[in-house]
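Data block below; observations after.
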Number of protein chains: 2
Amino acid sequence: MIKKVLIAEDHESASISVQKTLEQLGIVQSEYAYYCDDALLSVEKALQNGDSYDLLITDLSFEKDHRPQKTTSGSALIIAVRKVQPDLKVLVFSAENRSAVIVQLFENLGIDGYVRKARGDAKELLKAINHIDNNQRYCSQETIQLMKQSKSHDFSELDIAIISQMISGKKQKEISSYLKEHNIFPSSTSSIEKRLNYIKGTFDFSSNEQLIAYCVKMGIV
Amino acid sequence: MIKKVLIAEDHESASISVQKTLEQLGIVQSEYAYYCDDALLSVEKALQNGDSYDLLITDLSFEKDHRPQKTTSGSALIIAVRKVQPDLKVLVFSAENRSAVIVQLFENLGIDGYVRKARGDAKELLKAINHIDNNQRYCSQETIQLMKQSKSHDFSELDIAIISQMISGKKQKEISSYLKEHNIFPSSTSSIEKRLNYIKGTFDFSSNEQLIAYCVKMGIV
DNA sequence: TTCTTATTTACGGATTTCCGTAAATAAGAA
DNA sequence: TTCTTATTTACGGAAATCCGTAAATAAGAA
């Protein structure tokens with residue numbers, strides 16, 4: 001039974017809405033944090049006091065401001081809280097709509113639910129919290145749809161390295177050196193070409209520019 | 001005196017927060033719309049009934065869904081409502097943080113206030129509405145700061161066309177033909193090169209890949 | 001070990017882009 | 001008009017990428 005909830009969200013307005021939703025569900029013990037570090041601290045404190053949270057509702061992107069932070073993103077926060085309280089349920093509430101990012105949240109971070117900030121998001125929050133309360137994962141139909149069309153080419157560490165280097169303006173020779181330095185193989189310019197060609201082939205892309213645009217749009221890099 | 005307010009916002013959660021803020025200000029006559037077309041209709045109807053709105057609070061981006069819409073963005077909505085009720089005050093509430101866009105809202109659309117969805121946005125909404133109630137424009141210190149450092153390169157129709165074509169995998173020759181077909185000048189491959197070099201120069205980019213990544217990330221294309 | 005197979009690297013020519021310069025064209029002023 | 005200036009286009013060599021093939025290396029099986 002979810003009784004105590006922590007909201008990690010930098011947008012005050014979004015936080016207010018989530019609080020109101022919790023009120024509707026009769027959840028009175030809700031705390032909120034505008035910074036990831038504060039959220040992590042709250043989780044740790046509550047745990048020490050034997051009064052731990054049952055659910056963390058968090059955004060993904062937190063904006064930097066004058067206050068320097070150790071934890072600067074929702075993903076990092078989730079990883080951090082999992083270390084101190086592995087059984088804490090996590091519901092992500094974010095505007096993110098890139099399937100690669102959402103898939104990664106479920107698969108790598110093992111979140112319990114995802115609600116996208118969009119039309120009807122408040123109603124969806126209600127549903128999601130109820131699902132999680134019943135120990136079910138929640139993911140809207142729309143989001144499932146989104147994740148399916150995730151033309152799944154697995155971008156390997158190598159692929160990501162190559163593409164990232166291209167995005168920072170490096171040419172093939174420089175990328176080859178970079179790969180050698182970082183012990184990523186294969187690393188020859190020839191292999192880089194091969195790899196790029198292969199990826200472009202699977203997507204039916206004809207230029208690097210096309211590939212880069214896709215990767216950025218999809219949040220792969 | 002602001003008594004009647006219309007909220008145009010597709011995110012239910014954001015809309016709820018704005019409504020709550022209005023309640024705090026003692027504004028009880030508030031309506032909300034999840035679609036621009038609905039918002040425009042409300043303004044028209046209220047005007048016909050001699051019970052017009054005093055303030056429109058609107059988001060900028062509205063997501064497309066199954067319901068086809070004529071007006072699909074906050075900017076378009078503002079232009080449309082200004083035609084039917086020019087004296088309606090407009091407060092934009094959006095996550096947009098590109099200075100060029102915000103400047104344009106004040107200069108071209110003559111909005112009365114801008115509040116960015118960020119930390120403390122609810123408190124800012126209060127301030128903004130009070131300012132507007134006193135016939136003052138509102139723009140937060142942070143936003144003014146943002147608009148000043150408007151070092152952003154203005155991407156022209158030509159730039160966007162070139163970059164879009166590159167993203168769809170075209171090479172310079174093909175882009176040149178495309179530009180000629182669509183009567184965009186200059187259109188020679190030489191000019192395309194020049195333009196790309198110029199843009200890359202202003203950003204200190206060394207490859208097209210870098211430029212493409214930037215444009216996609218920034219939502220320029 | 002040796003043989004087989006798969007992966008990685010090297011190489012060379014075709015294509016494309018890059019970059020500087022020069023020619024052609026357009027625009028504006030006298 | 002003519003002269004001046006700015007913009008656009010054309011061109012050519014250098015650099016980088018693309019693409020196919022062949023050589024070298026690594027991995028696995030007998």
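In this entry the distance linking NZ of A/K200 with P of C/dT16 reads 13 Å, nearest Å. Summarising the geometry, the separation between NZ on B/K173 and C1' on C/dT17 is reported as 12 Å, rounded to the nearest angstrom. The separation between B/R195 atom CZ and C/dC19 atom C1' is 17 Å, rounded to whole Å. Computed from coordinates, the B/I192 CD1 to D/dC11 C1' distance equals 16 Å when rounded to whole Å. The separation between A/M166 atom CE and D/dA16 atom P is 15 Å, rounded to whole Å. As a whole-Å value, the separation of B/K180 NZ from D/dT9 C1' is 9 Å. The distance between atom OH of A/Y198 and atom P of D/dG20, rounded to the nearest whole Å, is 17 Å. For the pair A/L196 CG and D/dT17 P, the computed distance is 10 Å after rounding to whole Å.
Under the Watson-Crick or G-U wobble criterion, with both distances below 3.5 Å, D/dT4 is paired with C/dA27. In this structure, D/dA15 and C/dT16 make a Watson-Crick or G-U wobble pair, each of the two defining distances being under 3.5 angstrom. Using Watson-Crick or G-U wobble geometry with both donor-acceptor distances under 3.5 Å, C/dA22 finds its partner in D/dT9.
For the OP1/OP2 pair of C/dT9 and a distance below 4.0 Å, the side-chain nitrogens and oxygens of A/S190 include no atom meeting the criterion. Proximity of B/K171 to the phosphate of D/dT17: no side-chain N or O atom is located under 4.0 Å from OP1 or OP2. For A/S191, a side-chain nitrogen or oxygen approaches OP1 or OP2 of C/dT9 to under 4.0 Å. Between B/N197 and C/dC18 there is no side-chain polar atom (N or O) within less than 4.0 angstrom of OP1 or OP2. Side-chain N/O atoms of B/N208 include one lying less than 4.0 angstrom from OP1 or OP2 on C/dC18. Of the side-chain N and O atoms in B/Q172, one or more sit less than 4.0 angstrom from OP1 or OP2 of C/dC18.
Sequence order on DNA chain D of the closest nucleotides to A/E193 and B/T189 puts B/T189 first from the 5' end.
Checking A/S17 against B/S17 by side-chain atom types alone, a donor-acceptor pair falls below 3.5 Å. Side-chain contact of B/Y138 with B/N130: a donor-acceptor pair under 3.5 Å is absent, judged by distance alone.
For the pair B/R119 and A/Y35, the cation sits on the ring face: its NZ or CZ lies under 6.0 Å from the ring centre, inside 45° of the axis. Cation-pi check for A/R67 over A/Y34 is not met; the charged atom does not lie both under 6.0 angstrom from the ring centroid and within 45 degrees of its normal.
Salt-bridge formation is not detected for the pair A/K89/A/D133: no Lys NZ or Arg NE/NH1/NH2 atom is positioned less than 4.0 Å from an Asp or Glu carboxylate oxygen.
Looking at heavy-atom distances under 4.0 Å, B/K194 makes contact with a base.
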